[in-house]
Each structure stands twice: as structure tokens, then as C-alpha cells.
Amino acid sequence: MSLLPSTYIEHIAGYEGQQVTLAGWVYNKTEKGKLIFIQLRDGTGTIQCVVFKKNVSEEAFKAAQSLGQESSCYIDGMVRADPRSPSGYEIDVRDVRPVSITQDYPITPKEHGIEFLMAHRHLWVRSSKQHALLRIRHEVIAAAQEYLNNNGFVRFDTPILTPVAAEGTTNLFATQYFDLGMAYLAQTGQLYVEAGMMSFGKVYCFGPTFRAEKSKTRRHLTEFWMIEPEVAFADQEDNMVLQEHFVSYIVKRVLERRAEDLRTLERDTTALEKIAPPFPRISYDEAIDLINKAAAQGVTVPPEQHPLPPLEWGEDFGAPHETYIASLFEKPVFIVNYPAAVKAFYMQPVADRPEVVHCADLIAPEGYGEIIGGSQRIHDVELLEQRLREHGLNIEDYQWYLDLRRYGSVPHSGFGMGIERCTAWIAGTRHIRETISFPRQLYRIYP
RNA sequence: UCCCCGGUAGCUCAACGGUAGAGCGGCUGACUGUUAAUCAGUAGGUUCCAGGUUCGAAUCCUGGCCGGGGAGCCA
């Protein structure tokens with residue numbers, strides 16, 4: 001006989017008036033003498049189960065009394081509609097069969113500090129908001145892959161262990177690789193996904209990426225997941241058109257399918273409902289002007305309302321600058337054509353302005369920061385070699401990458417979207433650490 | 001790496017130089033409509049660590065450890 005329940009809580013409305021067997025965990029329990037209310041969760045939802053002493057055996061009533069928070073059990077009972085129940089339905093319990101009795105579950109429905117919650121992340125993921133958030137993350141990933149799969153892309157996964165730095169500038173996690181020297185955990189799949197692009201035309205890779213940066217902010221993880229599409233014969237404008245449709249599709253699908261989770265998180269979705277192509281585009285030059293005008297007027301930036309620092313042309317934006325630019329628009333905004341000096345070596349220079357490159361950062365609204373970085377890649381082998389030298393990189397390490405330009409090179413573009421930042425924006429979650437099951441941060445690797 | 005803040009019961013916090021406390025959670029009991037129930041009782045402490053000042057330190061000083069918020073960097 002199967003151990004599975006007869007149905008799941010998300011489908012309970014279809015069983016009104018019928019007897020069901022549910023299996024799950026006790027989310028909360030209230031005793032009132034001869035009456036016990038159990039909030040049972042099974043991963044698909046939560047429902048109130050009412051145990052009347054006169055309706056069950058003495059053994060079952062005692063069993064119900066013994067169930068502490070997060071005890072696991074089967075509950076048999078009749079489904080009935082009842083306006084007094086939060087979901088509109090409740091279970092009139094006939095039998096309670098404990099699987100594992102728990103007392104002293106550490107995470108109570110009261111307030112807890114973040115240090116405690118992070119140390120109990122393995123249990124915290126059961127809590128309703130964390131559950132909703134991770135469900136939205138799942139939907140973001142599913143929607144992203146679905147969009148690409150439906151638009152002719154082939155998933156082409158790239159290695160995690162790599163021999164050299166892809167971008168050279170950021171810190172990498174290193175590990176000894178047998179007798180072959182050091183290997184590094186990939187900070188991007190981009191260089192490898194370009195090889196796939198030359199085979200399939202439209203490809204994407206999706207997987208974890210690693211940055212050993214000592215970043216200690218609400219927008220950073222040392223291990224995060226990135227989805228990186230790459231398209232042959234696409235220029236940077238084609239790239240941005242793809243991005244705005246891609247992001248809009250993801251937002252739309254989360255709004256359609258995870259409305260209940262967004263409600264659990266108390267996310268105001270009015271801004272999200274306006275997300276549709278096209279997204280505004282402003283140049284790096286225009287952004288600098290806007291920032292300096294605002295800085296001169298003493299504009300301050302949330303959340304701390306610090307004054308916006310002025311910038312000189314050629315400097316990269318800080319978090320306050322991105323937040324300010326994003327605040328001028330209701331949709332995500334592309335900032336295009338950054339100075340070549342502040343960007344990676346492989347970006348294609350603009351024809352009549354070689355000091356800037358064909359690239360765009362997509363900045364999410366409401367201060368959630370950069371969710372996509374993308375560019376048109378250099379397709380000329382000599383220019384690429386020159387850029388590698390200018391960045392102080394070892395040409396020998398990049399021979400395979402240069403081969404992609406030696407044999408049938410074509411103009412091409414691509415981008416990388418951070419799953420966690422995108423999820424944080426859509427879910428309206430302040431801190432990125434809650435958008436991944438087990439965040440890896442500067443001062444935390446347990447559990 | 002830099003700046004700021006914190007560490008007291010399982011949890012959230014109070015006590016701020018003079019007997020270490022409350023609420024929640026646990027346990028025992030009461031209650032037929034609770035939603036973080038309520039009520040009564042009960043157990044529970046190396047006040048992060050090491051020095052120092054003092055008649056006396058959770059409290060003041062020095063150093064360390066561990067966290068949190070932000071910056072830079074990035075998705």
C-alpha cells in the first residue's frame with residue numbers, strides 16, 4: 001500500500017464532502033479543551049484540521065494533543081467548507097496518525113533575528129514566506145528556460161571547473177586540480193557558451209557561478225545562479241530586444257502562476273503589472289549627466305538617504321547611482337555604451353567611438369540593482385588579441401577562445417541574468433540571501 | 001579591505017557599577033471556534049572569550065572571536 005496521501009491541500013476544494021487522507025507537518029496548533037485546531041501544511045498549502053474529542057477515538061485525540069510544531073502525521077477526515085477557516089475549507093478530523101512527534105522546534109511563529117534564522121536555514125525554508133520566495137524562484141527559473149526553449153535556444157551547459165579567469169578582474173575560488181595545477185570555479189559560463197553558439201546559433205547555459213569578492217551587501221552572494229543566452233548574428237540592439245521580452249515573460253508568468261505567493265510576501269504588484277517591452281534605454285553619457293545634475297541639487301538615495309555622489313566620465317557607477325537612475329523609470333532601464341575601460345575585454349567597440357563599447361546593464365526598478373549585464377562580443381581575432389594584451393591576460397590561455405574567431409567568426413551578442421537578483425526584485429525581497437535555498441556569503445557557509 | 005552597530009535563558013529582549021528578569025517556546029493543568037489563542041503553575045543562565053580597573057563588573061577599559069548594516073566590486 002502506498003504511503004502517499006490521498007490528495008494534496010492545493011486540490012482540497014475538489015474534495016468537498018469527501019473523506020481524504022492528508023500527510024504533512026504541523027504548522028501551528030491551538031488547543032481548546034475538547035477541541036484542537038491543527039494547521040497542517042503539506043508543501044502545496046496549509047489547511048486547518050479540527051479535532052473534536054467526541055468525533056475521534058481517545059487514542060487519536062491523545063495523538064493530536066502530542067503533536068508539537070513541525071511534527072509529521074497523517075490526518076484522515078471530511079473536507080468541508082467553513083467561512084471560519086482562513087482558506088475557506090477545513091478538515092473535520094476522524095483520525096490522527098503521527099509519523100514523528102516533535103517538541104522544541106526552534107523556529108516559533110514569533111520574531112527571530114537574522115543570525116538565528118540563517119543558522120537554521122535548513123528549517124527556515126519551511127516557513128511560509130521562505131516557502132513562497134523559493135517557489136517564486138522556481139517559477140523564475142522555469143519561465144526563463146521555457147521562454148528560451150520556446151524560442152529556438154538549446155541549453156548548452158558550461159564547465160564549473162575552469163583553467164583560467166574568464167574576465168580576469170574579479171577574485172576566483174581556487175582548488176588544486178590533480179597534477180595540472182590550479183583550477184578555478186567559474187564566475188561565468190560566457191566564454192564557453194560562445195563555443196556552443198557557433199554550433200547551434202542560439203544557446204544558453206544555466207548553472208551556479210562563483211565570485212570570491214569580499215562583498216558584504218544585500219545584493220551579493222559568493223555562489224549564485226546565472227542564465228546566459230548567446231545568439232549568433234545578433235547585434236547589441238537585437239540583444240536588448242531579446243532581454244526585454246525575456247524579462248517581461250518571466251514577470252508575467254510569475255504574476256499569473258504565483259499570485260498567492262506574492263500575496264504571502266505582501267508584494268505590491270502594481271509596478272510589476274506594467275512590465276512589458278520596450279524598456280527605456282539611456283546611454284552611459286546621459287546617465288552621467290543625470291547623476292551629476294542630481295548630485296548638484298543634493299538629491300539623496302534610499303534606503304539611507306545618503307547624498308548622491310557626483311561622477312566623472314569614465315568612472316563606473318556605484319550602487320547609489322544605479323538606484324538613482326532606476327528611480328527615474330517605472331520599468332527596468334538599459335544603460336548602454338559604457339567606457340571600454342570599465343568593462344570586460346571581449347566587448348565590441350562602437351564603430352565611431354572606440355572609447356565606448358556595445359553593452360548594456362539592465363537595472364531593475366525600486367533599488368533592486370543590476371539584474372542583467374550583456375554585450376555584443378568582439379568577433380575580430382586581431383582586435384580580441386589586442387584587448388587581451390591590454391588587459392594583461394595571457395594569450396596562450398585563450399587560444400581556444402580565439403579559435404572561435406579564427407574559424408567562421410560572426411558578430412554575436414549575449415547576456416547573463418542573475419536568478420537571485422531577478423527573484424528578489426519580482427518577489428520584493430529586501431535581501432538576496434532569502435532567494436536561494438542555502439546562501440553562500442562572506443561570513444557564512446553553514447549550514 | 002574600510003566605516004557603523006551588536007553578542008544576557010531555546011528565541012526576542014530588559015537590567016547600564018550594587019540580589020540576572022519578562023514575554024514567547026518547553027513541561028503540567030483548565031477551556032467546544034482558535035488563527036502568533038487565553039488563564040494558572042513549573043523547569044530553564046560559563047551574561048561570546050581572555051585580560052584589566054573596582055570593595056563589587058552583564059554593565060567601565062584593552063585585545064580577540066562571532067554576527068548584522070553599508071561602501072568598494074559585481075549579476
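Source: prediction; values computed, not measured.
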Salt-bridge criterion met for A:R430 and A:E366 (N-O under 4.0 Å): no

Do A:Y15 and A:H11 have ring centres separated by under 6.0 Å? no

Assign A:G369 to base, sugar-phosphate, or nothing according to its heavy-atom contacts below 4.0 angstrom with the strands shown. nothing

Separation of atom CD1 in A:I47 from atom C1' in B:rU35, rounded to whole Å: 14 Å

Return the value, rounded to whole Å, for the distance between atom CG of A:D92 and atom P of B:rG33. 15 Å

Considering only side-chain heavy atoms of A:P320, which listed nucleotide, B:rU34, B:rA71, B:rG69, is closest? B:rA71

Side chain of A:K214 only, please: which of B:rU32, B:rU1, B:rC24 is the nearest? B:rU1

What is the distance, rounded to the nearest whole Å, between atom CD of A:E31 and atom C1' of B:rU32? 13 Å

What nucleic acid atoms does A:I432 come within less than 4.0 Å of, heavy atoms only: base, sugar-phosphate, or nothing? base

Base, sugar-phosphate, or nothing for A:E315, non-hydrogen atoms under 4.0 angstrom? nothing

Whole-Å distance between B:rC74 C1' and A:M417 CE? 16 Å

B:rA71: pairing nucleotide in any strand, Watson-Crick or G-U under 3.5 angstrom: B:rU1

When the aromatic ring centroids of A:F317 and A:Y284 are compared, is their separation below 6.0 Å? yes

Taken to the nearest whole Å, CE/A:M118 to P/B:rG6 is 22 Å

Ignoring the backbone of A:K216, work out which of B:rG33, B:rG69, B:rG67 is nearest its side chain. B:rG69

In whole Å, I'd like the distance from the CG atom of A:L442 to the C1' atom of B:rC66. 13 Å

Describe the nucleic acid contact of A:A119 in one word from base, sugar-phosphate, nothing, applying a heavy-atom distance below 4.0 Å. nothing

In this structure, is the centre-to-centre distance between the rings of A:Y27 and A:Y105 below 6.0 Å? no

Let's see if you can work this out: which of B:rU32, B:rA36, B:rA71 has an atom nearest to the side-chain heavy atoms of A:L35? B:rU32

For A:Q103 and B:rC27, is the shortest distance between a side-chain N/O and OP1 or OP2 below 4.0 Å? yes

Can the ring centres of A:F415 and A:F246 be said to be less than 6.0 Å apart? yes

Identify whether any heavy atom of A:T217 sits under 4.0 Å from a base atom; if not, whether one sits that close to sugar-phosphate; answer base, sugar-phosphate or nothing. base

Would you mind classifying the nucleic acid contact of A:Y443 as base, sugar-phosphate or nothing, using non-hydrogen atoms under 4.0 angstrom? sugar-phosphate

Picking from A:R218, A:Q130, A:R137, what satisfies side chain to side chain contact (heavy atoms under 4.5 Å, CB included) with A:E434? A:Q130

Reckon A:I107 touches a base, only the sugar-phosphate, or nothing at all at heavy-atom distances under 4.0 Å? nothing

According to the Watson-Crick and G-U wobble definitions, with both distances under 3.5 Å, which nucleotide is paired to B:rG6? B:rC66

Choosing from B:rU32, B:rU35, B:rC66, which nucleotide comes nearest the side chain of A:K32? B:rU32

Please work out if A:H431 contacts a base, only the sugar-phosphate, or nothing of the nucleic acid, heavy-atom cut-off 4.0 Å. sugar-phosphate

Rounded distance in Å - NE2 (A:H112) to P (B:rC13): 11 Å

Between the base of B:rC74 and the side chain of A:R421, is there any donor-acceptor pair under 3.5 Å? yes

Under 4.0 angstrom between A:R433 side-chain N/O and B:rG67 OP1 or OP2: no

Expressed in angstrom and rounded to an integer, what is the separation of A:K34 atom NZ from B:rA37 atom C1'? 18 Å

For B:rU28, which nucleotide is its Watson-Crick or G-U wobble mate, given both distances must be under 3.5 Å? B:rA40

Just N and O in the side chain of A:R218: are any of them under 4.0 Å from OP1 or OP2 of B:rG70? yes

Expressed as a whole number of Å, how far does the C1' atom of B:rA58 sit from that of B:rG7? 11 Å

For A:D361, answer base if it contacts any base atom (sugar-phosphate contacts may also be present), sugar-phosphate if it contacts only those atoms, and nothing otherwise; contact means non-hydrogen atoms under 4.0 Å. nothing

Determine: side-chain N/O of A:N55 to OP1/OP2 of B:rU32, distance under 4.0 Å, yes or no. no

Is A:G68 touching bases, backbone alone, or none of the nucleic acid, heavy atoms closer than 4.0 Å? nothing

Is atom CD of A:E330 surrounded by more than 12 heavy atoms (other residues, nucleotides or ligands) closer than 6.0 Å? no

Using a heavy-atom cut-off of under 4.0 Å over every strand shown, decide if A:F116 touches base, sugar-phosphate, or nothing. sugar-phosphate

Would you say the side chains of A:D42 and A:T44 form a donor-acceptor pair under 3.5 Å? yes

Which part of the nucleic acid, if any, lies within contact of A:Q48, taking any heavy atom under 4.0 Å across all strands shown: a base, the sugar-phosphate backbone alone, or nothing? base

